[in-house]
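Here the structure comes first, spelled out in structure tokens, and everything after it is commentary.
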Amino acid sequence: MAMNREIASGEVVVLPLLYEECELPEFLKGKLYADFSKAEDYEAVLGKLLRRLRIT
């Protein structure tokens with residue numbers, strides 16, 4: 001339901017979090033997601049996520 005709402009509204013409603021490398025399901029390919037699979041990128045990805053959620 002949330003994915004349908006996102007398509008209809010154009011807003012990000014569902015933001016998947018990737019915590020380890022894996023093959024993405026087809027329905028998530030091309031979708032914005034937060035990639036936490038690399039420890040060295042953690043802070044940059046967290047900052048981007050917080051900005052996207054308008055927390056910072």
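Heavy atoms only, all atoms of each residue included: L28 and P16 are closest at CD2-CG, 3.7 Å.
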Please tabulate, one pair per line, all N/O donor-acceptor pairs under 3.5 Å involving side-chain atoms of residues 36-50, not counting sequence neighbours.
{"from": "S37", "atom 1": "OG", "to": "D35", "atom 2": "OD1", "distance (Å)": "2.5"}

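Hydrophobic cluster membership for Y33: L18, L24 (Ile, Leu, Val, Met, Phe, Trp, Tyr linked by side-chain heavy atoms under 4.5 Å, directly or transitively).
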